[in-house]
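Notes to accompany the following structure.
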Amino acid sequence: MDLLVTTAARNPELVPLLGDFSPWPTFMLQDQISPLYYADARTAWPEHVLIAVDRDRPDRLVASGYSVPFHWDDDPDAPLPAGGWDEVIRNATLDRLAGRRGNLVSALEISVRPDLRGTGLSSTMLAAMRANAAESGFGTLVAPVRPNAKHHRPKEPVADYAARLRADGLPEDPWLRVHVRAGGVIAGVSVRAMTIAGTLAEWRAWTGLPFDTTGPVEVPGALVPVHCDTAHDHAVYCEPCVWVRHRLD
Ligand SMILES: CC(C)(COP(=O)(O)OP(=O)(O)OC[C@H]1O[C@@H](n2cnc3c(N)ncnc32)[C@H](O)[C@@H]1OP(=O)(O)O)[C@@H](O)C(=O)NCCC(=O)NCCS
C-alpha cells in the first residue's frame, strides 16, 4: 500500500473521509463530553487530526488519529488527569475558550479500518502522531490508552491488567504494547476516563441487554462491568484507561 498519513490542516479535501467507519459499540458513543471535541475537531484542531489513505485508493479512509493540545503539568512525576479522556477534552475545550494554547498533546483515538487491521498500521499511526506533535513544537505526547483486549477481562481491576507483562517484558495488551514499543512509559491509570450514564431503557436500546437486575452487568466491548440500579432506573459505566507518557525529545 502506498500510504499517505497527513493532517486535516494539510489536506482539508480529505476531511470528508473521517467517519468512513466507526469502530465503537453504540453505548460508547453516549459519552456527554466527547462532542466537545468531535463536533469540531476538524476545524478547531485540524493540525492534530491525522488522516491516512492509500494513494492508489484515495476515496476511502485507511486509518484516523485524533489528538489535542491541553494544559497540564509536564513534570514526568506529576500524575496525569484522574478524569482521563473526558478530562483532557474538558481541559482542551476550556483552554480554547480562554484563548490558551495547551503545553502537552494528548492522543484521543487511533482507529484502523476493520479489514486492514493486524497489518501493523497502528504503529505507523502512533509514530505519525508522535512526529506530528513534535513538529508542532510539543515535547510530550500523553495517551489515555483504552487497552484494546481489556474487554476480555472485565472483572479485573485496570491497574492489575496494565501490569500484566509477557515473558519479553512488554505489556500483554496489544495496544498498550504498541505504545510501549514506540517509546511510551506507563504512567498510571484512571478508573473514570469516560463516564456513561443512562436510564435502563436507554441502556437496553444501546446494548440489547435486559438491564432488569440490580448489580454489575457485563456488556460486550465494555472494559469493566456497568453498574445497574433497577430501583432508581439508571445504569452507569465508568470506563478506565491506562496513562502512557511519550517524551518526544
Ligand atoms: C487497536 C487498533 C488501532 C490496532 O490496530 P492494528 O493496525 O490492527 O494493529 P497492528 O496490526 O498494528 O497490531 C498491533 C499489535 O496488536 C496485535 N494484534 C493485532 N490484531 C490483534 C488481534 N485481533 N488480537 C490480538 N492481538 C492483535 C498485533 O500482533 C500487534 O502486536 P505485536 O506487534 O506485539 O505482535 C485497531 O484494532 C482498531 O482500530 N481498533 C478499534 C479502535 C481502537 O480500539 N483503538 C484503540 C483505542 S483508541
Side-chain angles (χ1 to χ4, degrees), residues 1 3-5 17-31 33-34 37-38 41 45 48-54 60-68 70 80-81 84-89 92 105-133 141-154 158 161-162 164-184 186-187 189-190 193-194 196 219-224 237 239-246:
M1 185 189 308
L3 192 69
L4 167 69
V5 185
L17 292 181
L18 289 165
D20 211 12
F21 57 86
S22 169
W24 307 115
T26 306
F27 77 87
M28 286 285 296
L29 304 175
Q30 313 305 326
D31 177 52
I33 297 283
S34 73
Y37 176 76
Y38 285 93
W45 296 281
H48 295 283
V49 175
L50 298 181
I51 303 171
V53 291
D54 179 351
R60 63 169 201 172
L61 183 69
V62 165
S64 55
Y66 292 91
S67 58
V68 72
F70 76 116
L80 287 162
W85 196 85
D86 276 357
E87 192 168 344
V88 168
I89 292 179
V105 173
S106 176
L108 289 174
E109 176 185 342
I110 287 178
S111 298
V112 174
R113 189 177 194 88
D115 54 305
L116 295 175
R117 288 184 193 159
T119 61
L121 280 167
S122 72
S123 320
T124 307
M125 291 303 288
L126 181 58
M129 194 175 275
R130 284 173 50 114
N132 189 58
L141 173 77
V142 295
V145 172
R146 182 177 204 266
N148 74 332
K150 171 76 174 75
H151 61 284
H152 296 307
R153 299 180 184 276
V158 66
Y161 180 78
R164 283 180 174 273
L165 301 179
R166 305 193 309 189
D168 62 3
L170 289 168
E172 259 187 32
D173 183 83
W175 187 218
L176 268 180
R177 197 157 66 239
V178 170
H179 275 269
V180 170
R181 204 182 268 131
I186 293 180
V189 297
S190 159
M194 180 191 280
I196 296 172
V219 171
L223 307 190
V224 293
Y237 172 59
E239 174 156 299
C241 75
V242 181
W243 274 114
V244 175
R245 186 189 297 272
H246 294 256

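Read the numbers this way: they start at 1 and go in the same order the structure lists the ligands and their atoms.
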Could you go through the side chain to side chain contact (heavy atoms under 4.5 Å, CB included) check for Tyr237 and Val219 one step at a time? CA-CA 10 Å; Tyr237 172 59; Val219 171; over 6 Å; no

Step by step, would you call Val142 with Val88 a side chain to side chain contact (heavy atoms under 4.5 Å, CB included)? CA-CA 10 Å; Val142 295; Val88 168; 5.7 Å; no

May I have the step-by-step check of side chain to side chain contact (heavy atoms under 4.5 Å, CB included) for Val158 and Val224, ending in yes or no? CA-CA 8 Å; Val158 66; Val224 293; 5.8 Å; no

Please give the N or O to N or O pairs under 3.5 Å between ligand 1 and the protein, distances rounded to 0.1 Å.
{"residue": "ligand 1", "atom": "7 (O)", "partner": "Ser122", "partner atom": "N", "Å": "3.2"}
{"residue": "ligand 1", "atom": "8 (O)", "partner": "Gly118", "partner atom": "N", "Å": "2.8"}
{"residue": "ligand 1", "atom": "9 (O)", "partner": "Ser122", "partner atom": "OG", "Å": "3.3"}
{"residue": "ligand 1", "atom": "11 (O)", "partner": "Gly118", "partner atom": "N", "Å": "3.3"}
{"residue": "ligand 1", "atom": "11 (O)", "partner": "Thr119", "partner atom": "N", "Å": "3.1"}
{"residue": "ligand 1", "atom": "11 (O)", "partner": "Gly120", "partner atom": "N", "Å": "2.7"}
{"residue": "ligand 1", "atom": "12 (O)", "partner": "Ser122", "partner atom": "N", "Å": "3.3"}
{"residue": "ligand 1", "atom": "12 (O)", "partner": "Ser122", "partner atom": "OG", "Å": "2.6"}
{"residue": "ligand 1", "atom": "31 (O)", "partner": "Arg177", "partner atom": "NH2", "Å": "3.1"}
{"residue": "ligand 1", "atom": "33 (O)", "partner": "Arg181", "partner atom": "NH1", "Å": "2.8"}
{"residue": "ligand 1", "atom": "34 (O)", "partner": "Arg177", "partner atom": "NE", "Å": "2.6"}
{"residue": "ligand 1", "atom": "34 (O)", "partner": "Arg177", "partner atom": "NH2", "Å": "3.2"}
{"residue": "ligand 1", "atom": "34 (O)", "partner": "Arg181", "partner atom": "NH1", "Å": "3.3"}
{"residue": "ligand 1", "atom": "34 (O)", "partner": "Arg181", "partner atom": "NH2", "Å": "2.9"}
{"residue": "ligand 1", "atom": "39 (O)", "partner": "Val112", "partner atom": "N", "Å": "2.8"}
{"residue": "ligand 1", "atom": "39 (O)", "partner": "Arg117", "partner atom": "NE", "Å": "3.4"}
{"residue": "ligand 1", "atom": "45 (N)", "partner": "Ile110", "partner atom": "O", "Å": "2.9"}

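Here Asp54 does not pair with Arg113 in a salt bridge; the nearest charged N to carboxylate O distance is not below 4.0 Å.
The salt bridge (Lys or Arg N to Asp or Glu O under 4.0 Å) with Glu172 is formed by just one residue from the set Arg164, Lys150, Arg166, Arg177; it is Arg164.
For Tyr37 and Glu109, the side-chain atoms include no donor-acceptor pair closer than 3.5 Å.
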